[in-house]
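Residue numbers start at 1 and run along the sequence shown. Worth knowing before you read on, the calculation uses all heavy atoms, side chains too, and leaves out hydrogens, waters and symmetry mates. Every number for a ligand or one of its atoms is a count from 1 in the order of the listing.
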Amino acid sequence: MQLDPSELAQKDRYRLLIGLVVPRPIAFVSTVSRDGVTNLAPYSFFNGLASEPLSVLFCPANRPDGGEKDTLANCKPESEGGTGEFVVNASIEGYAAEIALAAEPLPHGESEFDLTGLATAPSTRVKPPRVARSPWAFECETLQIVRLAPGVPNAGNVVIGRVVRIHVDDAVLDAKLRVDYDRLAAIGRLGGIAYCKTRERFELAPGKTGSRASA
Ligand SMILES: Cc1cc2nc3c(=O)[nH]c(=O)nc-3n(C[C@H](O)[C@H](O)[C@H](O)COP(=O)(O)O)c2cc1C
């Protein structure tokens with residue numbers, strides 16, 4: 001089958017995108033509004049961007065009415081009315097249900113921390129709190145926002161953030177900074193309402209010789 005995206009309805013383009021580009025890591029993003037209300041929401045259009053500088057990106061689409069989701073409104077630069085900061089928390093089996101629950105579009109001024117019952121922990125370098133139970137968290141300063149179609153319903157935006165503080169639970173990391181994936185128990189997102197676990201794995205050395213694998 002071949003499909004022309006310009007002939008597909010937006011909901012079908014979305015269905016194909018989230019069904020085919022799998023598995024996706026999930027950023028559980030905490031922010032705070034200029035008036036001090038905390039916010040927490042999952043974003044699976046997410047990835048690490050670079051280690052130089054250490055940076056991540058995630059993609060909050062516009063709401064169906066073309067407006068900004070709370071996370072974007074909160075993490076955009078101060079010059080645009082936001083705080084310019086966000087925290088990426090881990091998405092793990094231990095609070096998977098709370099991650100899905102936090103996708104509830106709450107009225108402005110209500111916090112998904114209260115809705116989910118997840119406790120906060122203070123951050124070190126940024127104002128948004130962390131999820132206390134998260135085995136790792138990246139405190140981030142917003143570097144840049146790319147808006148694909150401002151004001152257009154469901155249009156995409158890319159938030160690029162520089163990681164200014166790293167938190168990791170000692171239980172999931174050894175002295176050589178290697179992660180224990182069984183202890184981390186990260187989850188990823190598939191299409192529809194499906195998720196995946198990361199406790200089944202296999203190993204392959206890269207390239208012809210795999211010589212870099214042991215480096
Ligand atoms: C696992 C999961 C992943 C999601 N990923 C995204 C995403 O990448 N981009 C997006 O715009 N919405 C995504 N959503 C939907 C948002 O979480 C939802 O719109 C939420 O209400 C946004 O909250 P906010 O307005 O507080 O930022 C996702 C939902 C779930 C459950």
Side-chain angles (χ1 to χ4, degrees), residues 10-11 13-49 56-76 80-118 120 127-131 134 138 140 142 145-161 185-198:
Q10 182 267 328
K11 70 172 175 36
R13 291 194 294 264
Y14 175 74
R15 180 170 293 175
L16 284 171
L17 189 62
I18 71 162
L20 294 174
V21 183
V22 293
R24 293 187 305 288
I26 306 167
F28 202 18
V29 181
S30 46
T31 53
V32 64
S33 67
R34 285 280 276 265
D35 44 10
V37 180
T38 57
N39 195 89
L40 182 64
Y43 284 91
S44 70
F45 289 4
F46 159 65
N47 226 309
L49 172 59
V56 295
L57 65 80
F58 72 98
C59 304
N62 289 342
R63 294 190 318 236
D65 67 0
E68 294 173 340
K69 295 190 180 185
D70 287 343
T71 300
L72 177 57
N74 291 347
C75 75
K76 66 188 178 185
E80 297 176 27
T83 67
E85 297 175 340
F86 62 95
V87 175
V88 176
N89 300 278
S91 290
I92 58 166
E93 292 177 34
Y95 49 78
E98 286 85 348
I99 292 169
L101 180 59
E104 178 73 19
L106 290 181
H108 190 72
E110 291 182 25
S111 174
E112 292 83 3
F113 276 104
D114 297 331
L115 176 72
T116 59
L118 288 168
T120 60
K127 285 176 287 299
R130 296 175 289 128
V131 172
S134 181
F138 287 169
C140 299
T142 302
I145 297 179
V146 179
R147 292 178 168 85
L148 297 185
V152 173
N154 306 306
N157 306 285
V158 185
V159 177
I160 298 172
I187 59 169
R189 195 178 187 200
L190 306 171
I193 59 170
Y195 293 80
C196 60
K197 299 178 180 180
T198 55

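- Contact analysis puts Glu112 in contact with ligand 1, with a non-hydrogen atom separation below 4.0 angstrom.
- Closest protein heavy atom to atom 25 (O) of ligand 1: Asp70 N, 2.9 Å.
- Judged by distance alone, the side chain of Thr120 and the main-chain N or O of Pro129 form no donor-acceptor pair under 3.5 Å.
- A donor-acceptor pair under 3.5 Å is absent between the side-chain atoms of Thr116 and the main chain of Ala102, judged by distance alone.
- Given atom 8 (O) of ligand 1, the protein heavy atom at minimum distance is Phe45 N, 2.8 Å.
- Distance from atom 3 (C) of ligand 1 to its nearest protein heavy atom, with residue and atom name: Arg189 NH1, 3.4 Å.
- Looking at Val37, Leu106, Asn39 one by one, the single match for side chain to side chain contact (heavy atoms under 4.5 Å, CB included) with Asp70 turns out to be Asn39.
- Here's the thing with Ala102: none of its N/O atoms is less than 3.5 angstrom from an N/O atom of ligand 1.
- Taking the charged nitrogens against the carboxylate oxygens, Glu80 and Arg147 do have a contact shorter than 4.0 Å, which makes a salt bridge.
- For the salt bridge (Lys or Arg N to Asp or Glu O under 4.0 Å) test, no residue two or more places apart in sequence or in another chain qualifies with Glu98.
- Side-chain N or O atoms of Thr31 include none that pairs as donor or acceptor with a backbone N or O of Thr71 at under 3.5 Å.
- With atom 13 (C) of ligand 1 as the reference point, the heavy atom nearest to it among Pro60, Ala96, Pro42, Ala27 is part of Pro42.
- Using 4.0 Å as the threshold, Phe46 has no heavy atom nearer than that to any atom of ligand 1.
- Close contacts between ligand 1 and Ala61 involve ligand atoms 10 (C), 11 (O) [criterion: under 4.0 Å to a heavy atom].
- Counting protein heavy atoms only, atom 27 (O) of ligand 1 is closest to Thr71 OG1, 2.5 Å.
- Between the choices Ala103, Cys59, Ser44, Ser30, the shortest heavy-atom distance to atom 9 (N) of ligand 1 belongs to Cys59.
- The protein atom (non-hydrogen) at minimum distance from atom 23 (O) of ligand 1 is Ala41 CB, 3.3 Å.
- Using a distance-only test at 3.5 Å, with no hydrogens or angles considered, no donor-acceptor pair links the side chain of Ser44 to the main chain of Arg24.
- In summary, the atoms of ligand 1 found under 4.0 Å from a heavy atom of Asn39, numbered by their order in the structure, are 24 (P), 26 (O), 27 (O).
- Of the listed options Tyr43, Tyr195, Phe58, Tyr195 places a heavy atom closest to atom 31 (C) of ligand 1.
- Taking any N or O of Leu72, backbone or side chain, none lies under 3.5 Å from an N or O belonging to ligand 1.
- Between the side chain of Arg189 and the main chain of Tyr195, no donor-acceptor pair closer than 3.5 Å is present.
- Where the criterion is an N or O separation shorter than 3.5 Å, residue side chain and backbone included, Ile99 fails it with respect to ligand 1.
- Just one residue in the list Val88, Asn89, Ile92, Leu118 forms a side chain to side chain contact (heavy atoms under 4.5 Å, CB included) with Ser134, and that residue is Asn89.
- Under a cut-off of 6.0 angstrom, the local environment of CZ in Arg15 is sparse, with at most 12 non-hydrogen atoms contributed by other residues, nucleotides or ligands.
- Comparing Lys69, Glu110, Glu68 against atom 19 (O) of ligand 1, the shortest heavy-atom distance belongs to Lys69.
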